[in-house]
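First up is the structure itself, then whatever we jot down about it.
Remember, it's 1-based here, ligands and their atoms both numbered in the order they're listed.
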Amino acid sequence: MNSRIKRLAVAALATATATLGLTVANPAPASAAMTICYNTSQAPSYAGIANQAASIWNNATTNLTLTANCGTNLRIYQITGGGSYAQRTSLGNGRVYIDTQQAAQYSPLRIMTHEIGHILGLPDNYNGNCAILMSGGSAGTSCTNPYPSTTEANRVSSLFAGTLSANDRRSSTGSQVFKDSWPGLLSVG
Ligand SMILES: [Zn+2]
C-alpha cells in the first residue's frame with residue numbers, strides 16, 4: 001500500500017482504538033449510583049448516630065451511598081420539642097430534624113434511620129410492627145430496631161435504580177414533609 005493510504009489506515013485504526021478505549025473505560029450504566037452527602041454540623045449531638053444510620057442504609061441497599069460531610073444533599077438538624085420529622089425536597093435530598101426530647105424516649109438511632117428513610121423515598125407505615133422501620137413510633141418506645149426490613153430496603157434500591165414505574169416513582173420522590181412519626185408521650189408535670 002502506498003504511504004498516503006497507509007497513513008489514512010493508521011489514522012482510522014487510531015480513531016477506532018480511541019473510540020473503543022473510551023467505550024470500555026466509561027461504560028454507560030443504566031443508572032448511576034447516587035452519592036448522598038449528609039451534613040451534621042447542625043446536629044452535633046447526633047453526628048455519631050447519623051454515621052451509624054448511614055452505614056445501616058449503605059449496607060442494606062444498592063445504587064446509593066450516604067457519605068458524611070462531602071456536601072449538603074441532606075442536612076441534619078437537632079431541635080428541642082415539636083417532634084422529629086423529615087422534609088424531602090426530592091429523592092435523596094432534604095432535611096431531617098431530630099427532636100432531642102423524643103430521642104430521649106425513643107431510640108435515637110431508630111429515629112434517625114426512619115427519618116432518613118423518608119429522604120430515600122419511603123412513606124410512613126404505622127402498623128405497630130417493630131420489624132418495620134417505617135412504623136416509627138407506632139411500635140412503642142421499647143422498639144429499638146434501627147434496620148429497614150428487606151422489603152423496605154429493596155424498595156429504596158429500586159427507587160434509586162430507576163426501575164419502578166413513573167407513577168410509582170413520582171409518589172415516592174417528590175417534595176413532601178413527614179411529621180408525627182413519633183407519638184408524643186404525656187409530659188410530666
Ligand atoms: Zn415517619
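Aromatic ring orientation, Phe178 versus His118: parallel (interplanar angle below 30°, classes split at 30° and 60°).
By the 4.0 Å N-to-carboxylate-O rule, Arg155 lies close enough to Asp168 to be salt-bridged with it.
Proximity of the aromatic rings of Tyr85 and Tyr97 is defined here by a centroid distance below 6.0 angstrom, and this criterion is met.
Listed here is the closest heavy atom pair of Ile56 and Pro148: CG2-CD, 3.6 Å.
Identified under the salt bridge (Lys or Arg N to Asp or Glu O under 4.0 Å) test for residues 76-97, with sequence neighbours left out: none.
By the criterion of a separation under 2.8 Å, the protein N/O/S atoms near the Zn ion (ligand 1) amount to His114 NE2, His118 NE2, Asp124 OD1, Ser181 OG.
Applying the 6.0 Å contact sphere to CG of Asp180 captures no more than 12 heavy atoms from other residues, nucleotides or ligands.
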